[in-house]
A.B. asks: 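Let me give you the structure first, and then I'll get to my questions.
Counting convention: from 1, in listed order, for ligands and their atoms alike.
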Amino acid sequence: MAIFYQSTRDKSNQKTASQAILQGLAEDGGLFVPVDFPKLALDFEQLKNATYQEIAELVLQTFFDDFSKAEIHDMVKAAYGDNFDDPEIAPVKQVGQHYLLELFHGETIAFKDMALSILPYLMTQAAKKNGVTNEIVILTATSGDTGKAAMAGFADVEQTKIIVFYPKNGVSPIQERQMVTQQGDNVHVVAIDGNFDQAQTAVKAMFNEADLRDKMAKNGKQFSSANSMNIGRLIPQVAYYIYAYAQLVKKNQIENGESVNFSVPTGNFGNILAAYYAKKLGLPIRKLICASNKNNVLTDFFKTGRYDKNREFFVTSSPSMDILVSSNLERLIFELTDENDQTTGQLLTALSTEGQYQLTEKMLEKLTDFIADWADESEISKEIQETFSKNHYVLDPHTAVASSVYHKLAPEGKTVVVSTASPYKFPQVVLNALSSTAVASDDFAAVKALEELSETPLPRAVKSIEKAEVLHQTTVEVSQMQSEVERYLGLK
Ligand SMILES: N[C@@H](CCOP(=O)(O)O)C(=O)O
């Protein structure tokens, strides 16, 4: 059965998987979702012995069926190899009474590598498949992790250019250094005087700005996305939920068929939506814990059905989650409206014009798969400190949010906390949580102090940037983002 993808704002706008990946965002501003959601009879007696790569192949073959099995096999093999520093790719560790799914063993030590190591292959193969000879310009907004992972993935990939926008004062010093030292002839990273929401809104607007699109086309270029609005970013993330479950069965931690919870640090709603898609596919999941930091717009949404971004935007110690407009929620809203593209469009228009929308009672009743809460800065710090003193395990601040919220909600059943980044991306915050006396003059001093204190191996991703040359220093106002894109692409 061929799977088609429809826009959440116009169901008649349908594409094959490869076309949807190439496009990134639908012309009408909507996000692509499967027309018929696939189901799999997941046999964990077999899957418990599968490698990460085999599970990734299964997931990609199921969702992206206009790629051949051989193509998917080759792409998976190239994407998940010794670029990961753990042969298991996404190991599951027991910490106390729960489990941690470590998603930070890729090149840029954040969970974004799980999808961005394969997206460049999917993109270039999709271009071939559809006879697209245009240069594909990957336009990306980041609050810290996506940007570096996307650049690492697309650096020097033929027929592509990548442009990344990040909030100048809204990422950690290590995240920023990872980005500004990125090499590659097709890579451009730009700081903005604004926050992630402003960056993402401007990026989305550029996709569908008619004049810009024409100019791009006349110059043999077209946009795509490396953010989770691109279905090609989202679906590879489904694999690690299935793999985690298979590992728990293999280690006799759960019975085959037993439902588990996943606690997911949530910002743009991509990671937790991938978990929800895993559940729809057939994975036994009890509750999805949507864990937020002080930017707790999603906690309020799940508790009340009102999405209201009219609130203060906080810069926190978990910057990748500093988001008030969670893009992927649109895919869930589309389902809550019984796939009504008109209603979805109206709610999302209300969000951009009034900054809020309210679900009906009927829609709210359908939100049973999720529970939600948030952690403030002192709870994050306490969680890092307690996890280390009890288990000698160092959490990064994002994972600490998910762990803290898991402890707060204490759901029935076994829980996997999704660990989305290495603590070495946020050394000052983690060091301060672990020691009240340690002082570090800068982030690399904090890295060293943290390494000594925690005896946690230092990843090569951090070692390699300490002395690396800064290659990108552009900063623009939000209102100048489009003109910076045009300048870089030689469109003016
Ligand atoms: N958390 C993100 C923000 C963008 O999210 P994405 O999953 O849609 O790429 C980041 O680190 O940049």
A.B. asks: For ligand 1, which atoms sit closer than 4.0 Å to a heavy atom of T142?
C.D. replies: 10 (C), 11 (O), 12 (O)
A.B. asks: Taking atom CG of D442 as the centre, does the number of heavy atoms from other residues, nucleotides or ligands within less than 6.0 Å exceed 12?
C.D. replies: yes
A.B. asks: Just which atoms of ligand 1 are under 4.0 Å from any heavy atom in G144?
C.D. replies: 10 (C), 11 (O), 12 (O)
A.B. asks: If the test is ring pair (Phe, Tyr, Trp, His ring centres under 6.0 Å), which one of F37, F32, Y5 qualifies with F63?
C.D. replies: F37
A.B. asks: Just which atoms of ligand 1 are under 4.0 Å from any heavy atom in N268?
C.D. replies: 4 (C), 5 (O), 6 (P), 8 (O)
A.B. asks: Please classify the T146 to ligand 1 contact at 4.0 Å (heavy-atom distances, strictly less than): side chain, backbone, both or neither.
C.D. replies: both
A.B. asks: For the residue pair H398 and F426, does the interplanar ring angle fall in the parallel (under 30°), tilted (30 to 60°) or perpendicular (over 60°) class?
C.D. replies: tilted
A.B. asks: Does the distance from a Lys or Arg side-chain N to an Asp or Glu carboxylate O, for K303 and D373, drop under 4.0 Å?
C.D. replies: yes
A.B. asks: Just to verify, which of Y406, Y241, Y99 counts as forming a ring pair (Phe, Tyr, Trp, His ring centres under 6.0 Å) with F262?
C.D. replies: Y241
A.B. asks: What is the nearest protein non-hydrogen atom to atom 11 (O) of ligand 1, stated with its residue, atom name and distance?
C.D. replies: D145 N, 2.8 Å
A.B. asks: Among the heavy atoms of S327, does any lie under 4.0 Å from an atom of ligand 1?
C.D. replies: no
A.B. asks: With heavy atoms under 4.0 Å as the rule, classify the contact between Q200 and ligand 1 as side chain, backbone, both or neither.
C.D. replies: neither
A.B. asks: Do any heavy atoms of S143 fall under 4.0 Å from ligand 1?
C.D. replies: yes
A.B. asks: Under 4.0 Å, counting heavy atoms only: does G270 come that close to any atom of ligand 1?
C.D. replies: no
A.B. asks: Does one side chain, of E486 or Q482, offer a donor that lies under 3.5 Å from an acceptor on the other?
C.D. replies: yes
A.B. asks: Side chain, backbone, both or neither: which applies to M321 and ligand 1 if a contact is any heavy-atom pair less than 4.0 Å apart?
C.D. replies: neither
